[in-house]
Enquirer: 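Have a look at this one before I ask anything.
Sequence lines set the chain letters: A, B, ... in the order given, protein chains first and strands last, and positions in each chain run from 1. Every value quoted in this text rests on a predicted model; they were computed, and no experiment measured them.
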Number of protein chains: 2
Amino acid sequence: MACGEFELIARYFDRVTSSRRDVEKGIGDDCALLSVPEKQSLAISTDTLVAGVHFLADIHPADLGYKALAVNLSDLAAMGADPAWLTLALTLPNVDESWLESFSDSLFELLDYYDMQLIGGDTTRGPLSMTLGIHGLVPQGRALRRSGARIGDWIYVTGTLGDSAAGLALLLGQAELSDPAAHEALLKRHLRPIPRILQGQALRDLATSAIDISDGLISDLGHVLKASDCGARINLDALPLSEPLKQNFSSEQCLHWALSGGEDYELCFTVPEINRGALDVALGYLGVPFTCIGQMGPQSEGLVLLQDDRVVEFNHKGFDHFGS
Amino acid sequence: MACGEFELIARYFDRVTSSRRDVEKGIGDDCALLSVPEKQSLAISTDTLVAGVHFLADIHPADLGYKALAVNLSDLAAMGADPAWLTLALTLPNVDESWLESFSDSLFELLDYYDMQLIGGDTTRGPLSMTLGIHGLVPQGRALRRSGARIGDWIYVTGTLGDSAAGLALLLGQAELSDPAAHEALLKRHLRPIPRILQGQALRDLATSAIDISDGLISDLGHVLKASDCGARINLDALPLSEPLKQNFSSEQCLHWALSGGEDYELCFTVPEINRGALDVALGYLGVPFTCIGQMGPQSEGLVLLQDDRVVEFNHKGFDHFGS
């Protein structure tokens, strides 16, 4: 069924039930109009997802609607920001109403969960892809950055690493598991990553730096090292691995995925010795494990990986578009 | 030559020479951090441009870099907002350095002209397209909206209408002109539209509604009528047409393009009788013509088109994606 662009947008995306108080004008004019409270900074990030590049072309639209927003929320989490508004630019090859309904239902469920509001967007015809613009608020001067880590700070990650890469391998048929519960668990970690919003906010006054792990621990920690002019020592034996991962794959495979699999959407952050006690309390309440995996060192040492207290080499890098 | 994604981004897009004071952190972290001054509202808009849909696949990258930003600026103009920050999500089929250089040079030239700053983005591999997120500032309560027009308000447009559609016809080889100056002028109107930023700001306290003409006068004025619960009478004889258009095309063709050609990126706005004198002064200074083309009427009358004081029908609508 063909229907006009504006009608289509209205039907699936203009469904604000209760408007946020900071939204003066949402969807329906040339721009949205927003008010930012005093003493708050605005955090803005944008991400594009292209079919066949960032997600499988046959992904279920409900999974896509969830994940597209979740990976953008993860960027807010890494700054310690509170989610506020979303713009969605959606490019579709055709109008498939059941696809749109499933995609938008899933997107709005997650928007509502975080008390966010869709404030605008664009619908165009073309190869399936989307760009989300996410906006959050953070008290002035308290945002987490990549650049604040100091020598001696302890390096932590939330949750477990490598599950998402294993889930992708299962999706692609590159691996098979006889245990259906483990299969489901790893698939879910790939398709429905949970952005660490609460953790990011709890870290505001405790962590000296933070980043979310989207390209893989080595690649993303590398950004922190560069921004903070530091090196780091990582204890590979300490990397947190889930039971479904450990029990079904070789330790070498687990390590590979944990270091460079990507799409974990966990936070990697640094904490000075003096804040470790407060950290245990603040993150302990939130129910998601967090693990110390190493310590920041001098820049001259670079990134050192230790296994059984011995230095090891690792040749795989995180995913890098246009990589040679 | 292949190069890494981050290197590529750094080389062509991370070239801020002087940072705006309201940018706490620009490119280079998970989010940009911005501060919005007190008593200012934030205006946000997002637009996607897809090769083969919104621009010809063989467009010169300098024209594309200009126009992608200009059409987004036009949305800010329609709100009376002052341009501030841009996010750019760019999807490229491959790395073509001369293309990137030309595109980004042109984009940054326009950014600099409006004292804007690129605060973030994303570069991905895929079919050529881009999504821009534009952010502007407007004093609280003074933004122009589509919804404020009242019965009796006079309807104006800036500049001339239909030139862009004629320029596109020339580009596509659907029309030919023997006059090279007229050819150039119309082409330029299509490739290098000038966003009416100054006009929008000057209209803040004078106009009761405003919109930019991107889909064609009839389509866009229709949004104003709907949002303002009004009808309108448009005097077709008053539509402002440029000399290159009038002298080279039939009056029927000119009218068609002026009403529904789209991509004019002029402002259509409404002004109450009492503000007309102030309008003449405020816009007169800015050097771009502006023309009264009709008057708002009761909603029950709908949109009435008059030619030689007689009602005429017009069957062509503005461009509507997914239209049946």
Enquirer: Which answer fits A32(B), side chain, backbone, both or neither, if we ask what part of it has an atom under 4.5 Å from a heavy atom of chain A?
Expert: both
Enquirer: So, taking the atom named SG in C31(B) and the one named CD1 in I44(A), what distance separates them when rounded to the nearest 0.5 Å?
Expert: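 If I round to the nearest 0.5 Å, the distance is 8.5 Å.
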Enquirer: Give a yes or no on this: more than 12 heavy atoms of other residues, nucleotides or ligands lie within 6.0 Å of atom CD1 of I194(B).
Expert: no
Enquirer: T91(A) versus chain B, heavy atoms under 4.5 Å apart: side chain, backbone, both or neither?
Expert: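 Side chain only.
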Enquirer: For the residue pair Q140(A) and E24(B), what are the closest heavy atoms and their distance?
Expert: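 Closest pair (atom of Q140(A), atom of E24(B), distance): CG-OE2, 4.4 Å.
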Enquirer: Roughly how far apart are T87(A) OG1 and H135(B) NE2, rounded to 0.5 Å?
Expert: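 It is 7.0 Å, given to the nearest 0.5 Å.
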Enquirer: Check each atom of I211(B) against the heavy atoms of chain A and say whether the ones under 4.5 Å are side chain, backbone, both or neither.
Expert: both
Enquirer: Pick one of side chain, backbone, both or neither for V224(A), based on which atoms fall under 4.5 Å of a heavy atom in chain B.
Expert: neither
Enquirer: If you take all heavy atoms of R125(B) and V53(A), which pair is closest and at what distance?
Expert: O-CG2, 3.2 Å
Enquirer: Got a sec, which residues hit salt bridge (Lys or Arg N to Asp or Glu O under 4.0 Å) with R146(A), two or more places apart in sequence or on another chain?
Expert: D29(B), D30(B)
Enquirer: Between A43(B), A51(B), G120(B), which shows the greatest number of heavy-atom pairs under 4.5 Å with chain A?
Expert: A43(B)
Enquirer: For residues M130(A) and T131(B), determine if any side-chain heavy atom of one lies less than 4.5 Å from a side-chain heavy atom of the other.
Expert: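 Of all side-chain heavy-atom pairs linking T131(B) with M130(A), none is under 4.5 Å.
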Enquirer: If the contact rule is any heavy atom under 4.5 Å from chain A, which residues of residues 74-85 of chain B qualify, in numerical order?
Expert: D75(B), L76(B), A78(B), M79(B), W85(B)
Enquirer: Between R145(A), K226(A), E38(A), K25(A), which has the largest tally of heavy atom pairs under 4.5 Å with chain B?
Expert: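 Max contact count across the listed options: R145(A).
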Enquirer: Using 0.5 Å steps for rounding, measure from the CG atom of L42(A) to the CG atom of L42(B).
Expert: 6.0 Å
Enquirer: Indicate the atoms forming the closest heavy-atom contact of G126(B) with V50(A), along with that distance.
Expert: CA-CG1, 4.4 Å
Enquirer: Write down the atom of A89(B), the atom of T48(A), and the distance for their closest heavy-atom approach.
Expert: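 Result for this residue pair: CB-OG1, 3.0 Å.
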Enquirer: List the steps and the verdict of side chain to side chain contact (heavy atoms under 4.5 Å, CB included) for Q40(B) and V36(A).
Expert: CA-CA 8 Å; Q40(B) 298 273 315; V36(A) 173; over 6 Å; no
Enquirer: Considering only heavy atoms and a distance below 4.5 Å, find which of A210(A), G52(A), S41(A) pairs most often with chain B.
Expert: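 Highest number of pairs under 4.5 Å: S41(A).
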